[in-house]
Amino acid sequence: MTKRVGIIGLGHGVFGRRSDATVQELAFEAFAAALEDAGIERKELDASVIGSVPEYHKQRSLAGVVQEYLGLVPKPTWLTEVACASGSAAIRTAWMSIKAGVHDIVAVIGCQKMTELSTPEILALMGRVGEVQWESVFGTTFPAYYALFAQRHIHEFGTTREQMFQVAIKNHFYGAKNPNALFRKEITMDKAKASAQVASPLQVYDCCANADGAACIILACEDRAREISQKTVWLDGMGCATASMSVLKRPGLTSLPSAEAAAAQAYRMAGVTADDIKVADVHDCFTIAEIMAYEDLGFCKKGEGGRFIAERKTYIGGKVAVNVDGGLKAKGHPIGATGVSMTYEIAKQLRGEAGERQVPNADIGLTHNVGGIGQYCFVQVLRRD
Amino acid sequence: MFKWFGKVNYSPYTKVSDFARYLKDGHLMGSKCKKCGSISFPPRADCDKCMSGDFEFFEMSGKAWLNSFTKVEAAPTGFEDAAPYIVGVVDMEEGGRALAWFGESIKEEEIEIGMELQVVPQVFEETEDIKVYYSLEKSGTSWVKV
Ligand SMILES: [Zn+2]
C-alpha cells in the first residue's frame, strides 16, 4: 500500500454563466490545464473520476461523455454524487483507489453546468432539496434550512446579522482578486442589508450563486508523485461522515454533526489539530454555514463563530485564512466542481502560487465540503513537503 | 392515502400511509415499535432502535415547543400562491420533531423560539381532492372538524 497520495497537477476554469461551453468542454479546460501543470500526458493516467450532480444536466450518465471528450477512452471512469460534495467524493474515491494499489495516477474532474435548466425547472428542483416525505410537502428550500440553522444560532449564541454579512464581505473582498471567480466585486454592509429577503433571516447577500464551471486535480501514489513532481501537495488527512437527511432527526440545528465527525477523522489521520491549519476553504453556501464551519472544524469554540469573523480572524493575517479565493459566495458554486475547486485552491496556497491572495507560511491547509444541508461532509487536511 | 398529505406530495406510497387517514379525522399519530416500545414522530414502519418492522400507531398530544423558524419568501414550484409562509420546527412532547407551517391563530410578531405550540391536524379547504396537513397553532387550540 502506498504510504501517501499526492496532488501532482492542478487545473481550474473560470466559474460563471458559461453559455459558451458544454459541460464536457468545461471539463476539458480544467483537465488540459492540470495535465500541463503536472507535465504528464494522458497515456500516463490509469483512470478518471468525475464529480457532478446529474439532475442539472440534459445529458444523462455524464462520466462517459466527459471521458470521451477528454480522450480517455478506454480507461476506467465513474461518477460520484453526494449533492454539493460530489467533487470531494470523487477525490476520496480516487484516493481510495490509489491507496488500495489498484491505480497509480488518477485524474479527478469536478464539472457542472447549472444554467442549462430553465427557471421553472430550477424552482421544481428547489422543492425537493429536503426530505420529501415529511418536509418538502411544506415548501422547504435550501435557504430555508440554513435559515432555520441561522435563527437558532442567533437564539443560542447571540450571533448577529452583521456578523453573517461580514462573511459575505470578506469572501467578496477576496473573490474580487480571483480571476476564476464569478463575482469579482467587493460589497458593502449597506448593500448586503438592503438585499431582498429569501428565507428570514437570510437575504440574497447571504446566499451563494449557482454557476457553471470545472476544476481538475491529478493524484498519484507516493513513488510516482516523487518521480513526476517537485511540488507535490499531500492528502494526509481524509475525513468523511454523514448526518441525517431530515432536520427532524438532527441532535441540534446549530452545527453539522457530519462536519464535526469528518474533521476529527481528518485531523487524527494527518496527526494535526485545528490550530495547525493556516488556510482553509470551507463550504459557505450561506453566510451562516461559514460561521458554523469555524465552530465545527474547531477554529473557534462553539457559539463564537460570529465573533471570530467580526474580529477578522479569518482574513489573511488572522488566526486562519478562510475562503480567500472568494468561497462559494463570490467564486460561485457549480456544485459538482466545488469540492475539487477547494482542493485546487488549498494546493495552490501550499505551493505558494496564490499571488496577491497568498497566505504567508502556508504549510498545512484544509478543505470542508458539505453535501445538501449536511447529509454528507468531507474534510481534507493537505500538507506540503 | 399518503398522497393526501401536503400541498404538493412527492412520495405518495409508504408503509405508514394510514397516518394521512388518521390526520383527516383529526388525529396526529406517531409510531410505536411493538417489540421494543421505541416511539417515532414522524412515524416510521421500521424501528430505528431494534430494526423490527412490527409497529402500531399511537396518538400524539400535539403539544410542542418551537425550536426554530423561517419565513420563506422565495417559494418552489407548487407553493407560489402560499408564499410568503412561515415554517417552524418543533420539539414534540413525546419526543420527535415536526416541521410545519404556522397557522392563523398566531401572529407573526408573536413567534419566538421556545414558545409552546399545538400541532393541529388540518384539511385544505380549497382543494377538490382530499389534502391534509398539520399546522402550528396557539397552545390549547383544538382540532375542529371542517
Ligand atoms: Zn424497536
Side-chain angles (χ1 to χ4, degrees), chain A residues 117-159 195-204 206-207 244-255 286 288 373, chain B residues 2-17 19-20 40-44 48 66-92 95-102 108 111-114 131-136:
Chain A
L117 297 187
S118 64
T119 303
E121 286 173 309
I122 295 263
L123 288 173
L125 275 184
M126 225 172 98
R128 292 185 283 120
V129 299
E131 192 278 332
V132 301
Q133 190 174 7
W134 302 102
E135 298 175 11
S136 298
V137 289
F138 291 99
T140 53
T141 60
F142 245 120
Y145 286 105
Y146 274 93
L148 291 168
F149 299 160
Q151 197 75 267
R152 187 74 201 181
H153 211 278
I154 291 168
H155 174 77
E156 284 187 30
F157 307 117
T159 307
S195 63
Q197 298 291 330
V198 177
S200 68
L202 302 182
Q203 296 167 240
V204 166
D206 288 291
C207 310
S244 71
M245 177 84 186
S246 171
V247 289
L248 304 178
K249 307 288 183 192
R250 296 275 174 93
L253 301 188
T254 58
S255 67
F286 300 93
I288 185 65
I373 56 167
Chain B
F2 199 73
K3 68 178 192 304
W4 296 349
F5 184 59
K7 186 167 192 297
V8 177
N9 185 295
Y10 303 97
S11 58
Y13 309 110
T14 163
K15 292 179 179 177
V16 294
S17 67
F19 174 83
S40 293
F41 191 90
R44 52 177 291 154
D48 205 15
L66 185 62
N67 188 306
S68 195
F69 67 98
T70 177
K71 183 178 182 179
V72 177
E73 310 264 354
T77 304
F79 296 90
E80 304 88 341
D81 58 339
Y85 43 86
I86 304 179
V87 170
V89 170
V90 294
D91 300 317
M92 312 284 284
R97 289 202 188 112
L99 184 150
W101 290 323
F102 276 86
E108 187 176 342
I111 297 172
E112 58 181 348
I113 288 176
K131 291 298 249 176
V132 295
Y133 66 113
Y134 38 76
S135 63
L136 307 176

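Quick note on labels: first sequence line is chain A, next is B, and so on, each numbered from 1. Below, each value reflects all heavy atoms present in this structure, side chains not excepted, and no hydrogens, waters or symmetry copies.
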Within-4.5 Å side-chain heavy-atom neighbours: A/Tyr145 and A/Thr140: yes
Closest-packed option against chain B by number of heavy-atom pairs under 4.5 Å, given A/Ala199, A/Pro120, A/Ala150: A/Ala199
Non-hydrogen side-chain atoms of B/Val87 and B/Leu99 separated by less than 4.5 Å: yes
B/Ile113 side, atom CD1; A/Ile154 side, atom CD1 - distance, nearest 0.5 Å: 8.0 Å
Part of A/Ser136 lying under 4.5 Å from any heavy atom of chain B: both
Under 4.5 Å from a heavy atom of chain B, the part of A/Pro143 involved: neither
B/Lys15, NZ atom: more than 12 neighbouring heavy atoms under 6.0 Å: no
Per-residue contact mode, A/Val247 against chain B (heavy atom under 4.5 angstrom): both
Donor-acceptor pairs are to be reported for all side-chain atoms of residues 71-78 of chain B against protein atoms at under 3.5 Å, with residues two or more places apart or in another chain.
unit_1  : atom_1 : unit_2   : atom_2 : d
B/Lys71 : NZ     : B/Glu108 : OE1    : 3.2
B/Lys71 : NZ     : B/Glu108 : OE2    : 3.2
B/Thr77 : OG1    : A/Ala124 : N      : 3.0

Contacting moiety of B/Val8, where chain A heavy atoms sit under 4.5 Å: backbone
Option in B/Phe2, B/Phe5, B/Phe19, B/Tyr10 with maximal non-hydrogen atom pairs under 4.5 Å from chain A: B/Tyr10
Greatest number of heavy atom pairs closer than 4.5 Å to chain B - which of A/Met126, A/Glu135, A/His155: A/His155
Heavy-atom pair of closest approach, residues B/Phe69 and B/Ile86: CD1-CG2, 4.3 Å
Which of B/Pro84, B/Ser11, B/Ser40 touches chain A most, by non-hydrogen pairs under 4.5 Å: B/Ser11
Part of B/Phe41 lying under 4.5 Å from any heavy atom of chain A: backbone
Close side-chain approach of B/Val16 and A/Gln133, heavy atoms under 4.5 Å: yes
Contacting moiety of A/Leu253, where chain B heavy atoms sit under 4.5 Å: side chain
Residue B/Ala83 versus chain A: region with a heavy atom under 4.5 Å: neither
Part of B/Tyr13 within contact of chain A (heavy atom distance under 4.5 Å): neither
Largest heavy-atom contact set with chain A, pairs under 4.5 Å, which of B/Gly88, B/Pro43, B/Pro12: B/Pro43
B/Leu66 side chain reached by B/Phe102 side chain, heavy atoms, under 4.5 Å: yes
Pairs meeting criterion side chain to side chain donor-acceptor pair (under 3.5 Å) with involvement of residues 80-91 of chain B, two or more places apart: B/Lys7-B/Asp81, B/Asn67-B/Asp91, B/Asp91-B/Arg97
